[in-house]
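Note that ligands are numbered from 1 as they come in the structure, with each ligand's atoms numbered from 1 the same way.
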Amino acid sequence: MVTIHNLGFPRIGRKRELKFALEKYWQRQISQHELLDTGVALRQQHWQDQAALDLVPVGDFSFYDQVLDTSFLLGNLPARVRGLPGDALDNYFRVARGRASSDEAECSCVQAGEMTKWFDTNYHYIVPEFDQDTHFSLNAERLLEQIQEARQQGVTAKPVIIGPVTYLWLGKTKDGSDKLALLDALVAVYARLFKSLAEAGVEWLQIDEPILVTELSREWRHALTKTYHTLQSSPVKLLLTSYFGQLQDNLRLACELPVAGLHVDAVNAREEVPKLVDWLPSHKVLSLGVIDGRNIWKTNLNAVLAWLQPLHARLQNRLWLAPSCSLLHVPVDLRSEGQLDGEIRSWLSFAIQKLDELQILAKALNDGPEAVAQTLADNAAAIAGRKASGRVHDQSVKTRIDSIDKDMGKRNSPYQKRSILQRERLDLPLFPTTTIGSFPQTREIRQTRRDYRAGRIDEETYRAAMQNEIEHCVREQMDLELDVLVHGEPERNDMVEYFGEQLEGYVFTQYGWVQSYGSRCVKPPIIYGDISRPRAMTVAWIQYAQSLTGKPMKGMLTGPVTMLNWSFVRDDHPRSTTCLQLALAIRDEVLDLEQAGIRIIQIDEAALREGLPLRRSQWDNYLDWAVRAFRIAANAVRDETQIHTHMCYSEFNDIIEAIAAMDADVITIETSRSDMELLDVFDAFHYPNEIGPGVYDIHSPNIPTVESIVALMNKAMRRIPAERLWVNPDCGLKTRTWEEVRPALRNMVKASVRLSEKLAETC
Ligand code: GLN
Ligand code: ZN
């Protein structure tokens, strides 16, 4: 018999119940009891949803983040929360977000833990903190209680925890000490945990070591070997779990670690499976993650079954099946999508449906395919339907892709020559000032958009309201005497959704939420078909804005790589192909803007860095096609049209060459928090074009002073010549209020003037 199990279930609830309960709790609108009850109810629901599995995950539910839960489990709390009032949950939220509740007294607020991306997903975890004095202690009540809860519900619980080596790897030492020096102490706590779990009647434990899919140094590989040899006599059976990629040079290591079973991502690492079957000692279970936990497409069950049958014949009871990774990264239930186009819906599978797929595979293997003949036939029809659908394939798009030649991503002239023409045409002062695109989105603006969507107001009323807001933004910017203006983006709910909705090949869900961090969820749109742009998407708004001023108005677009990285993408052709299709659509928009007389066009690539593969050895390939896509989108314009791009992250040292290769005339970046540290890269690398290092941290309500901006710009001037510097905030202003934005920008403009005067004096 094949065993089926799940690595983790989405925790936010079908209608984001967890989000709403958390936010109410932080606002003190519900009690701690009510919050805890929401947790109990969600877990019960989730176990019920998974009741058909042989083993269900326990410990995957979290009120904020599973890595933070692990820090609590291991008694690793930052010293700054010790001795504060309240209970463990208060401290938990303090580490998560700086405060236990919105009305928390200043004196018990702390600096929130750092948040960063969970491998190559869009989920963010709270980074564990270490120093040389870090002590660990076991704090397993929460986990043990949940095992009890699950048992009462009649399901077989398989606790899920992050393994000690990955836990250390994910964290940061605050005093520069060596994290690995803590390993022995940490492993001792894990050993104690295993004992408690065994006493609680646990048979199998899922222990996640996803670092196995990354490039590991000898020290870290050794840490894995040492850890699992120490834990060898564990009284519970360990299922060592890797996901998100291939094991590659860690494959033999993974096979050899002395555990009872190994789970691998058989979607991304399918080619490695034959080797695993050969190498894995014959007493070990092999769990194959055959259902894609990172995407929303129906599995081709017949194909997977045909592939599994010989493996099953060989492994028999040692074969387990699961999704490739935790289902945290997909929406909960397709059945909630009442309004989705029927045909497209028939191609999709969310968490609940993915678990159904798992059951069908197990039944087909255990009882023979005849036992599920009808279901397999239906699945084959859906897969074939998608493959052949005229809505997926657009010959004209394919023809256009085929006709891309190597010059398509090139500007006519090099930057040096273009910049002279642009200077003449734009007539900008030294240290030109601009903003990143959006201005504060007030409640009224959001309401107007909602009213229009719901059909409560007609198009004309909507357009007038938006034009009114654009006019307001332009007036404010004129008053502030900014040099390059923006229209303010009031018509956009989201920088990807806004464009996706106007492109062919995209579809949107109603409840397809995925947790991004804590209570924050995102709803990635789905790219199901070849992408094309039926009509101009932004030209009318930008043209209107430009008509209100003689100063240059920037056309604002989202770049192809960001569109790609923030969507669920097709699995029937490479990501790079979809990216090129997006690039062609954006290219058309760029040319339309230019045609309409727009002199500066900004193409945001906020998410370019996020797409970097987990293994460095694959970075170049990604950067090659990503940069090429950007260039195709941007570079068809005439020399005198200025292209800007914007990126939202502060570490770009390691990809600076790729960024330079994009050949944007101006790039604006986030730097204000890191005190221009990131500009260190320019000591070694001569960045050829213009740069606007963000001098105003828009993530904080604080108003930067003129002096602080001047100081930051002075730092920038040590690396980049003044005539290639711009002055701007580090990201869009949509989350701020006008009361914050006005004085901040006023100071920014003053700083620019002061810098120019200073420079004139010294020359
Ligand atoms: N133009 C967008 C804005 O200003 C950019 C947002 C972003 O970089 N995330 O809102
Ligand atoms: Zn940004």
Checklist entry - Given the rule in the ring pair (Phe, Tyr, Trp, His ring centres under 6.0 Å) test, do Phe568 and His329 qualify, once you have shown the distances and angles that lead to the verdict? => result CA-CA 10 Å; Phe568 281 121; His329 311 289; over 10 Å; no
Checklist entry - At the Zn ion (ligand 2), what's the angle from His646 NE2 to Cys648 SG, rounded to 10 degrees? => result 120°
Item to check | Test item: Arg425 side-chain N/O and Glu640 main-chain N/O as donor-acceptor pair under 3.5 Å | outcome: yes
Checklist entry - Would you say the ring centroid of Trp26 lies under 6.0 angstrom from that of Phe93? => result yes
Checklist entry - Does Met495 have a non-hydrogen atom less than 4.0 Å from ligand 1? => result yes
Next on the checklist: Below 3.5 Å, N or O to N or O, backbone or side chain included: is there any such pair between Gln602 and ligand 1?
Outcome noted: no
Checklist entry - Looking at Arg475, Glu471, Met478, which one forms a side-chain contact (heavy atoms from CB on, under 4.5 Å) with Leu548? => result Glu471
Checklist outcome for this item: Judged by heavy atoms only, the candidate from Cys648, Pro729, Gly488 nearest atom 8 (O) of ligand 1 is Cys648
Next on the checklist: Glu489 versus ligand 1: do any nitrogen or oxygen atoms come within less than 3.5 Å of each other?
Outcome noted: yes
Checklist entry - Taking atom NE2 of His646 and atom SG of Cys731, what is their separation to the nearest 0.5 Å? => result 3.5 Å
Next on the checklist: Under 3.5 Å between any N/O of Ser438 and any N/O of ligand 1: does that happen in this structure?
Outcome noted: yes
Checklist entry - Does any N or O atom in Ile436 lie less than 3.5 angstrom from one in ligand 1, N or O only? => result yes
